[in-house]
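What follows is one structure encoded as structure tokens, with my remarks underneath.
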Amino acid sequence: MNILFKLILLVLLTISVANANTTKYLCSGDTNYLYVIFDTEKKSVIAGKSNPHEYFTQTDFRFWHTTSQQNNQTLVRSFIFHKPSGKMSVKSDNMITSGEQMYYYECAINQ
């Protein structure tokens with residue numbers, strides 16, 4: 001029984017240490033909500049349902065770019081996240097029509 005307790009405790013401690021370097025944000029915008037998860041150890045970010053992407057830092061900003069295919073169109077999105085204020089802007093470019101759209105989000109830590 002004592003060994004089982006120690007094993008369970010070890011598993012729980014390992015899980016909490018493994019997730020110690022991630023920060024989850026819930027971002028709300030004009031049209032929708034977006035979850036953003038930063039992993040500071042790997043310098044990667046997951047926005048919404050996307051795959052992990054490497055992010056770059058400059059002073060208080062984190063930024064990254066994604067590319068996706070939708071309806072035979074290539075969309076390039078540029079994300080800029082201001083950590084102190086929790087504000088994020090997303091610029092979406094359609095490579096075929098050259099259409100640009102800007103989206104703005106307010107983000108709060110969601111643990």
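Both backbone and side-chain heavy atoms feed into the values below; hydrogens, waters and symmetry mates do not.
Around atom NZ of Lys83, no more than 12 heavy atoms belonging to other residues, nucleotides or ligands sit under 6.0 Å away.
Within the structure, ring-ring contact (aromatic ring centres under 6.0 Å, His included) contacts touching residues 67-87 (residues at least two apart or in different chains) are Tyr25-Phe81, Phe38-Phe81, Phe61-His82, Trp64-Phe79. Applying the disulfide bond (SG atoms under 2.5 Å apart) definition to pairs two or more places apart or across chains, those involving residues 27-88 are Cys27-Cys107. A salt bridge (Lys or Arg N to Asp or Glu O under 4.0 Å) check over residues 87-109, counting only residues at least two apart or in different chains, returns the pairs Lys87-Glu106, Lys91-Glu100. The salt bridge (Lys or Arg N to Asp or Glu O under 4.0 Å) contacts involving residues 50-65 comprise nothing, where partners must be two or more places apart or lie in separate chains.
In this structure, CD in Gln69 is found 3.5 Å from OG1 in Thr74, a value given to the nearest 0.5 Å. Put simply, OH on Tyr103 and CE on Met88 are 12.5 Å apart, with the number rounded to the nearest 0.5 Å. Note that CD1 of Ile37 is 5.5 Å distant from CD1 of Ile46, once rounded to the nearest 0.5 Å.
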Exercise. Passes side-chain contact (heavy atoms from CB on, under 4.5 Å), Tyr105 versus Asn32? Steps please.
Worked result: CA-CA 9 Å; Tyr105 294 89; Asn32 58 1; 3.0 Å; yes

For this session: Begin from the C-alpha positions of Tyr55 and Asp39 and carry the test side chain to side chain donor-acceptor pair (under 3.5 Å) through to its verdict.
Result: CA-CA 10 Å; Tyr55 70 84; Asp39 185 336; over 6 Å; no

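Of the possible polar contacts, none joining the Ser92 side chain to the Gln101 backbone as a donor-acceptor pair under 3.5 Å is found.
Here Tyr104 is tied into one hydrophobic group with Met102, each link being a pair of ILVMFWY side chains closer than 4.5 Å. Taking a 4.5 Å side-chain heavy-atom cut-off between Ile, Leu, Val, Met, Phe, Trp and Tyr, the cluster of Tyr33 extends to Leu26, Tyr35.
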